[in-house]
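Below: one structure in structure tokens.
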Amino acid sequence: QVVLPDKEQFLMPSYACQRLTPLESHNNKFTEALSLLAENAELNNEEGRAVAFRRAAAVLKALPVMVTSATQLRGLPCLGEHSQRVIKDIIENGVSNEVESTMHSERFKALKLLTGIFGVGAKTADRWFKEGIQSLTQLVHSGHELNPAQQAGLEHYHDLNQPVTKAEAEAIGDIVRRVVLDVLPGSEMTLTGGFRRGKMTGHDVDFLITHPDEGKETGLISKVVSLLTAQGLLLYQKTTRNSYMENKGRLAQPSSTMDRFERCFCIFKLEIKEMRPDKDWRAVRVDLVVAPISQYAFAVLGWTGSKLFERELRRWASQVKSMSLSSHALFDIKQCKYLRTTSEEEIFSHLGLEFIPPTERNA
Ligand code: ATP
Ligand code: MN
Ligand code: MN
């Protein structure tokens with residue numbers, strides 16, 4: 001363990017996209033506490049508070065040493081009073097009472113359980129909680145009509161709350177790639193999301209698909225979904241066509257995380273080798289996204305995450321560079337023009353940022 005002399009201060013730029021954030025942090029006990037408070041704020045629909053805790057956690061994730069004394073926090077960006085108090089409590093007492101009581105509160109436990117159902121967001125969970133629903137059994141007996149996503153989410157609750165391994169992600173990748181190439185030879189597919197950042201497990205598997213001839217990719221997803229369905233590989237799917245051009249006039253809000261690509265959010269039925277007594281498959285959440293080659297670099301960047309890293313990139317673009325970044329394009333507001341690129345490296349360079357490799361985007 002490296003102990004810093006008191007008063008030594010770190011040089012830490014304030015936007016997460018200006019610094020390296022590896023997967024392994026030296027400050028897990030602090031970042032886990034702050035992330036829990038962020039999650040709680042999200043469940044309470046307190047977006048601003050949630051982002052403040054996420055930014056504070058990200059600063060500690062990027063620190064090259066373990067924090068052992070409050071004096072080390074001086075000069076660090078994004079650490080508000082509240083976050084500093086939580087960190088100090090943990091330094092002094094080993095735990096933060098606020099974090100402990102939040103974690104064990106009936107409300108937090110119930111909302112976490114309910115939002116663990118695919119298709120259930122914070123607002124729905126909160127409404128149910130206020131009606132006294134705190135368990136899956138209570139939900140089932142409440143008589144609430146669930147939409148198809150929620151029904152599938154409830155049915156596969158256990159599997160979908162089981163981390164997906166890299167090996168499972170690759171197995172699904174092999175199956176999907178074969179179908180994609182069948183439908184459109186020459187297509188390219190990239191594993192994005194957390195796995196591209198080097199994570200060994202994830203809550204889902206994210207794939208991005210394109211074709212070197214612009215336009216060929218149009219309509220690809222529905223054909224892929226038909227074939228996968230015919231093979232009995234999809235337990236649930238919701239396909240959306242591309243709606244980017246329809247809204248060209250009013251540019252998507254820079255802070256909006258939803259993009260307009262052709263996509264399919266689905267639940268995959270993955271055969272598992274080691275036969276379990278009850279069943280020989282498991283359910284896995286999979287996101288399939290199709291991007292035209294001209295937007296591919298933006299799409300890869302936008303789908304690699306982390307969520308906070310993406311948010312910070314967009315904030316940097318708009319606040320510092322007067323640009324608007326999305327998963328489709330980069331628009332220079334002062335020059336009033338789109339900046340073309342073919343690689344992530346070029347996007348960072350347009351933004352005046354050092355290139356941050358995917359494995360260092362774990363903010
Ligand atoms: P995990 O390993 O838990 O899945 P993750 O980082 O892969 O973590 P995801 O929720 O799968 O998390 O999201 C991956 C990336 O895709 C994130 O950067 C997110 O911003 C982006 N993303 C997710 N959903 C959408 C969406 N509907 N529109 C645009 N981008 C999205
Ligand atoms: Mn993911
Ligand atoms: Mn995803």
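As the structure lists them, so they are numbered: ligands from 1, and atoms in each ligand from 1. Values below: all heavy atoms of this structure, side chains included; hydrogens, waters and symmetry mates excluded.
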Next on the checklist: Hydrophobic clustering (ILVMFWY, side-chain heavy atoms < 4.5 Å, transitive) - are L234 and V286 grouped together?
Outcome noted: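 Yes, V286 connects to L234 through the hydrophobic network.
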Checklist entry - What are the atoms of ligand 1, with element, lying closer than 4.0 Å to any heavy atom of E310? => result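 What qualifies from ligand 1 is 18 (O).
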Item to check | Residue portion contacting ligand 1 (non-hydrogen atoms closer than 4.0 Å) for H203 | outcome: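 Both backbone and side chain of H203 come within 4.0 Å of ligand 1.
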Next on the checklist: Taking distance alone, with N or O pairs closer than 3.5 Å, would you say K307 contacts ligand 1?
Outcome noted: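 Yes; at least one N/O pair falls below 3.5 Å.
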Item to check | the Mn ion (ligand 3) - closest N/O/S atom in D287 | outcome: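 Relative to the Mn ion (ligand 3), the closest nitrogen, oxygen or sulfur of D287 carries the name OD2.
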Next on the checklist: Hydrophobic clustering (ILVMFWY, side-chain heavy atoms < 4.5 Å, transitive) - are F195 and F309 grouped together?
Outcome noted: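 Each belongs to a different hydrophobic cluster.
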Checklist entry - What about V320 and L301, same hydrophobic cluster or not, with Ile/Leu/Val/Met/Phe/Trp/Tyr joined at side-chain heavy-atom distances under 4.5 Å? => result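 The answer is yes; both residues are in one hydrophobic cluster.
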Next on the checklist: Using a 4.0 Å cut-off to any heavy atom of D204, which atoms of ligand 1 qualify?
Outcome noted: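 In order of number, 4 (O), 11 (O).
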Checklist entry - Can you list the ligand 1 atoms lying under 4.0 Å from a non-hydrogen atom of G305? => result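 It comes down to these atoms of ligand 1: 18 (O).
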Checklist entry - Looking at D206, T190, D259, which one forms a side chain to side chain donor-acceptor pair (under 3.5 Å) with W303? => result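 It is D259, the one option of D206, T190, D259 that forms the side chain to side chain donor-acceptor pair (under 3.5 Å) with W303.
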Item to check | Close-contact set for ligand 1 against G193 heavy atoms, below 4.0 Å | outcome: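 Answer, ordered by atom number: 7 (O).
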Checklist entry - So which of N40, N44, T102 actually passes side chain to side chain donor-acceptor pair (under 3.5 Å) with R107? => result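 When side chain to side chain donor-acceptor pair (under 3.5 Å) is applied between R107 and each of N40, N44, T102, only N44 qualifies.
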Item to check | Salt-bridge criterion met for K334 and D332 (N-O under 4.0 Å) | outcome: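 Salt bridge: no.
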Checklist entry - Given that the side chain starts at C-beta and the backbone is N, CA, C, O, which of these parts of D206 lies under 4.0 Å from ligand 1, counting heavy atoms, or is it both or neither? => result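 The part of D206 near ligand 1 is the side chain, not the backbone.
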Checklist entry - Would you call D174 and R177 a salt bridge, using N to O less than 4.0 angstrom? => result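 Here D174 pairs with R177 in a salt bridge, since their nearest N and O are under 4.0 Å apart.
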Item to check | Nearest neighbour of atom 15 (C) of ligand 1 from the list W303, F309, F195, F261, on a heavy-atom basis | outcome: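 Among W303, F309, F195, F261, the closest heavy atom to atom 15 (C) of ligand 1 comes from W303.
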Checklist entry - With atoms numbered from 1 as shown, which atoms in ligand 1 lie under 4.0 angstrom from a non-hydrogen atom of G194? => result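 Close to G194: 5 (P), 6 (O), 7 (O).
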Checklist entry - Which of the atoms in ligand 1, numbered in the order shown and given with their element, are less than 4.0 Å from a heavy-atom of F265? => result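 Going through ligand 1 atom by atom, the ones under 4.0 Å from F265 are 27 (N).
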Checklist entry - Using 4.0 Å as the upper bound for N to carboxylate O, is an ion pair formed by E42 and K307? => result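 Looking at K307 and E42, the cut-off is not met.
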Next on the checklist: What do you get for the angle at the Mn ion (ligand 2) between OD2 on D206 and OD1 on D204, to the nearest 10 degrees?
Outcome noted: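 Value, to the nearest 10 degrees: 100°.
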Item to check | G302 near ligand 1 by a heavy-atom separation under 4.0 Å | outcome: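 It does; at least one heavy atom falls under 4.0 Å.
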Item to check | Atoms in ligand 1 with a heavy atom of K199 nearer than 4.0 Å | outcome: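 By the 4.0 Å cutoff, the relevant atoms are 1 (P), 2 (O), 3 (O), 8 (O).
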Checklist entry - Does ligand 1 have any atom that is closer than 4.0 Å to a heavy atom of R197? => result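 Right, R197 reaches ligand 1.
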Checklist entry - Side chains of L351 and L330: closer than 4.5 Å at any heavy-atom pair? => result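 The answer is yes, as the side chains (C-beta and beyond) meet within the 4.5 Å cut-off.
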Checklist entry - Taking it one step at a time, do F265 and F118 satisfy ring pair (Phe, Tyr, Trp, His ring centres under 6.0 Å)? => result CA-CA 11 Å; F265 293 152; F118 171 63; 8.0 Å; no
Item to check | D259: numbered ligand 1 atoms lying under 4.0 Å from its heavy atoms | outcome: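 Heavy-atom distances to D259 below 4.0 Å select 28 (N), 29 (C), 30 (N).
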